[in-house]
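Shown next, in structure tokens, is the structure this report addresses.
The shown structure was predicted, so the numbers you read here are calculated from the model rather than taken from an experiment. In the text below, chain A, chain B and the rest are named by the order of the sequence lines, each starting its count at 1.
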Protein chains: 2
Amino acid sequence: MPSPQLLEEYSQFFRLLSEPARLQLLCLLAQGPLDVASLIEATGFSQSHVSRQLGQLQRAGLVSCVREGVRMIYSADNDLVNDLCSLVQNRLRQRLEAQLQQLQSA
Amino acid sequence: MPSPQLLEEYSQFFRLLSEPARLQLLCLLAQGPLDVASLIEATGFSQSHVSRQLGQLQRAGLVSCVREGVRMIYSADNDLVNDLCSLVQNRLRQRLEAQLQQLQSA
DNA sequence: CCCGCTTATGCGTGTAAACTCATAGCAGCC
DNA sequence: GGCTGCTATGAGTTTACACGCATAAGCGGG
């Protein structure tokens, strides 16, 4: 079993993904770089909120940004999030299939 | 990009792992079935808290339980959590290595 | 049937964090 | 220099949830 400190780090990481807003931002950026204004429009959240979430993601090393004139262009750093989501998706699917079978056999 | 509802489900799932207590319970159970009393002793949390966390994990389909006399034996359902933690671990390692290199090249 | 043991659940509290408003910083343009 | 558009951040509110205490529920033994 992982050490308590490691568990703490893991859970901290998962916490980042536990907020729909942040996860959405990550998924949007996974498709390509975007500036903050575009992310605000795509998500519908307030400007300050989006900026804060991006800050958190950046500190965690999940996104990076570069200035482009007056705009900040954010981009996702790798496809870890996609992999994690795929695993969870499989799990959800398996679970639904199992429920379906139980329903049919009843 | 996943639909908003799907993102909501994903984030809800990650939220389960975002609490060290729950993650610890999952990792303990990943090694083998245990009853609630053992989990209480291993984690140091209150009885009610452990029971509640187990309830959440059970509803999410991550653990299951069977009565054994007066005891409830919980067990982890699969190794999804291990896979997720491995991915995150790799990510953390990569990040630290990158920081190390930056430090050395400076 | 009552009692002890183990687990589940209402209820209250405290804290962490999401979210907003207002304001400050920062780059380009006049 | 001031002005405007884009982003970051301090401050305050509100909501969500972890956590414990007390209590109930379920099972085995007398």
**Item:** Nearest-Å distance for atom pair CZ/P, residues Arg52(A) and dA24(C)
**Value:** 15 Å

**Message:** Distance check needed: dT7(C) P versus His49(B) NE2, whole Å only.
**Reply:** 16 Å

**Request:** May I ask you to say what Gln47(A) touches in the nucleic acid, namely base, sugar-phosphate or nothing, with a heavy-atom cut-off under 4.0 Å?
**Result:** base

**Request:** Please determine, for the side chain of Ser51(B), which listed nucleotide (dC19(C), dT7(C), dA17(C)) has the closest atom?
**Result:** dT7(C)

**Asked** With a non-hydrogen cut-off below 4.0 angstrom, is Arg67(A) in contact with a base, only sugar-phosphate, or nothing?
**Response** sugar-phosphate

**Asked** Is a donor-acceptor contact shorter than 3.5 angstrom present between the side chain of Ser46(A) and the base of dC21(C)?
**Response** no

**Message:** Any side-chain N or O of Tyr74(B) below 4.0 angstrom from OP1/OP2 of dA8(C)?
**Reply:** yes

**Asked** side chain to side chain contact (heavy atoms under 4.5 Å, CB included) between Leu29(B) and Leu39(B): does it pass, once the steps are laid out?
**Response** CA-CA 9 Å; Leu29(B) 291 177; Leu39(B) 292 170; 4.2 Å; yes

**Request:** Just do the side chain to side chain contact (heavy atoms under 4.5 Å, CB included) check on Tyr10(B) and Leu84(A) with the steps written out, would you?
**Result:** CA-CA 9 Å; Tyr10(B) 289 173; Leu84(A) 292 174; over 6 Å; no

**Nucleotide dT20(C), atom C1' - distance to CZ of Phe45(A) in whole Å** = 12 Å

**Message:** What is the first contacted nucleotide of DNA chain D and what is the last, in 5' to 3' order, if contact means an atom lying under 4.0 angstrom from a heavy atom of chain A?
**Reply:** dG5(D) to dA11(D)

**Message:** Is it true that Ser38(B) and Asp35(B) share a donor-acceptor pair across their side chains at a distance under 3.5 Å?
**Reply:** yes

**Fill in**
Taken to the nearest whole Å, CG/Leu34(B) to P/dT6(C) is 15 Å

**Asked** Contact class for Val70(A) (heavy atom, under 4.0 Å): base, sugar-phosphate, or nothing?
**Response** base

**Prompt:** Does the side chain of Arg91(B) come within less than 4.5 Å of Asp77(A)'s, by heavy atoms?
**Reply:** yes

**Message:** Could you measure the distance from the OG1 atom of Thr43(A) to the CD atom of Gln24(A)? Nearest 0.5 Å is fine.
**Reply:** 6.0 Å

**Selected nucleotide, minimal atom distance to Val36(B) side chain, candidates dA8(C), dA17(C), dT9(C)** = dA8(C)

**Prompt:** To the nearest angstrom, how far is Gln56(A) atom CD from dA17(C) atom P?
**Reply:** 8 Å

**Message:** Heavy atoms only, 4.0 Å cut-off, all strands: where does Gln58(A) land among base, sugar-phosphate and nothing?
**Reply:** nothing

**Asked** What integer distance in Å separates Ile73(A):CD1 from dA27(C):P?
**Response** 15 Å

**Request:** Send over the distance from Gln24(A) CD to dC19(C) P, rounded to a whole Å.
**Result:** 11 Å

**Student check: side-chain heavy atoms of Phe13(B) and Leu80(B) closer than 4.5 Å** = yes

